[in-house]
Number of protein chains: 2
Amino acid sequence: MAGIKHSRQRDAIINELCSRTDHPTAETLYWSLKEDFPNLSLGTVYRNLGLLCDDGSIIKISVDGADRYDGNAKPHCHFLCRNCKGMFDVHNVSPFSETLLSSVNGEIENYSLTLYGVCKNCV
Amino acid sequence: MAGIKHSRQRDAIINELCSRTDHPTAETLYWSLKEDFPNLSLGTVYRNLGLLCDDGSIIKISVDGADRYDGNAKPHCHFLCRNCKGMFDVHNVSPFSETLLSSVNGEIENYSLTLYGVCKNCV
DNA sequence: TATAATAATAGTAACGATTATCGTTATTGA
DNA sequence: TCAATAACGATAATCGTTACTATTATTATA
């Protein structure tokens with residue numbers, strides 16, 4: 001395999017991201033991994049998240065403030081609570097109606113749907 | 001009216017934003033308005049866009065890179081071309097199916113749906 | 001119309017998130 | 001085991017955005 005090497009840090013980053021469903025920011029991941037890698041660098045986290053996004057194995061979600069990452073690369077929707085800032089998956093649903101698909105002037109390759117509101121935990 | 005004054009700059013900002021459909025960034029608006037307001041400040045653009053978002057008369061769209069603004073505050077979808085970076089409105093469509101609505105653990109107040117792909121202009 | 005109160009501005013510094021740089025370390029294939 | 005080099009940690013630089021402050025413009029009132 002030319003050009004790509006393994007690293008304990010990269011394995012730990014993807015492992016940590018995929019083991020949680022809270023769509024953490026780079027910095028959140030960084031602090032979680034600090035326990036096992038006391039001198040982990042935030043730049044390393046960003047660099048690896050970028051690489052993983054590029055090869056399509058994870059997803060970056062652009063939101064207000066710091067971007068959040070999702071270890072589940074299969075397209076799906078998210079719900080963002082304006083109270084607790086928690087982001088939850090909304091699975092197994094296609095948001096696209098026939099009318100929507102027919103009114104787009106282009107070929108849809110991907111999408112990002114974020115719903116905003118207050119989650120059930122926050123009443 | 002307590003606390004709010006008019007300003008030529010604010011009027012021009014909302015006027016410019018509402019007269020175009022390309023979902024400009026703050027900086028794009030800034031340069032467009034520079035002609036009429038040679039010493040307009042970028043901070044003024046940001047401040048007013050923020051105020052207008054707060055009172056719900058415009059919308060901010062979080063995307064990769066600089067945020068984009070939409071003078072049309074009525075919820076609707078967007079299509080972002082990965083080639084020309086153009087952002088187009090997708091009108092008169094509700095993206096929500098019954099199955100989606102029923103699988104959300106909270107009350108939906110708003111949403112942001114961006115479709116990614118290549119627009120017809122870019123083949 | 002002049003005046004006083006104050007919201008809004010321009011200019012600029014500061015900030016937070018992210019990316020780039022660079023010398024050192026770890027991984028890998030021979 | 002060694003050489004080549006990808007990845008790292010530390011940190012500087014960049015970018016988008018917000019905050020600060022002295023000045024200007026708007027507005028209500030006399």
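Residue numbering restarts at 1 for every chain, and letters A, B, ... go by the order of the sequence lines.
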Between B/Asn39 (CG) and D/dT23 (P), how many Å, whole number?
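It works out to 16 Å between those atoms.
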Once you round it to whole Å, what is the distance between P of D/dT21 and CZ of B/Arg47?
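Distance check: B/Arg47 CZ to D/dT21 P gives 15 Å.
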For [X] and [N], is the shortest distance between a side-chain N/O and OP1 or OP2 below 4.0 Å?
{"X": "A/Arg10", "N": "D/dA7", "value": "yes"}
{"X": "B/Tyr46", "N": "D/dT17", "value": "yes"}
{"X": "B/Ser7", "N": "C/dT9", "value": "yes"}
{"X": "A/Gln9", "N": "C/dA26", "value": "no"}
{"X": "B/Thr44", "N": "C/dA10", "value": "yes"}

Sugar-phosphate only, base, or nothing, as touched by B/Arg8 at under 4.0 Å among non-hydrogen atoms
sugar-phosphate
Does either side chain, that of A/Arg20 or that of A/Ser32, offer a donor lying less than 3.5 Å from an acceptor on the other one?
yes
Parallel, tilted or perpendicular: which fits the ring planes of B/His76 and B/His23, with parallel below 30° and perpendicular above 60°?
tilted
Compare the minimum distances between each of C/dT12, D/dA7, C/dA17 and the side chain of A/Ala66, then state the nucleotide with the smallest one.
C/dA17
Let's see if you can work this out: which of D/dT27, C/dT27, C/dA10 has an atom nearest to the side-chain heavy atoms of B/Ser41?
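Of the candidates, C/dA10 comes closest.
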In terms of the nearest nucleotide of DNA chain D, which residue is placed more toward the 5' end: A/His6 or B/Arg68?
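First, find each residue's nearest nucleotide; the 5'-ward one identifies A/His6.
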Taking atom CD of A/Glu107 as the centre, report whether more than 12 heavy atoms of other residues, nucleotides or ligands fall under 6.0 Å from it.
no
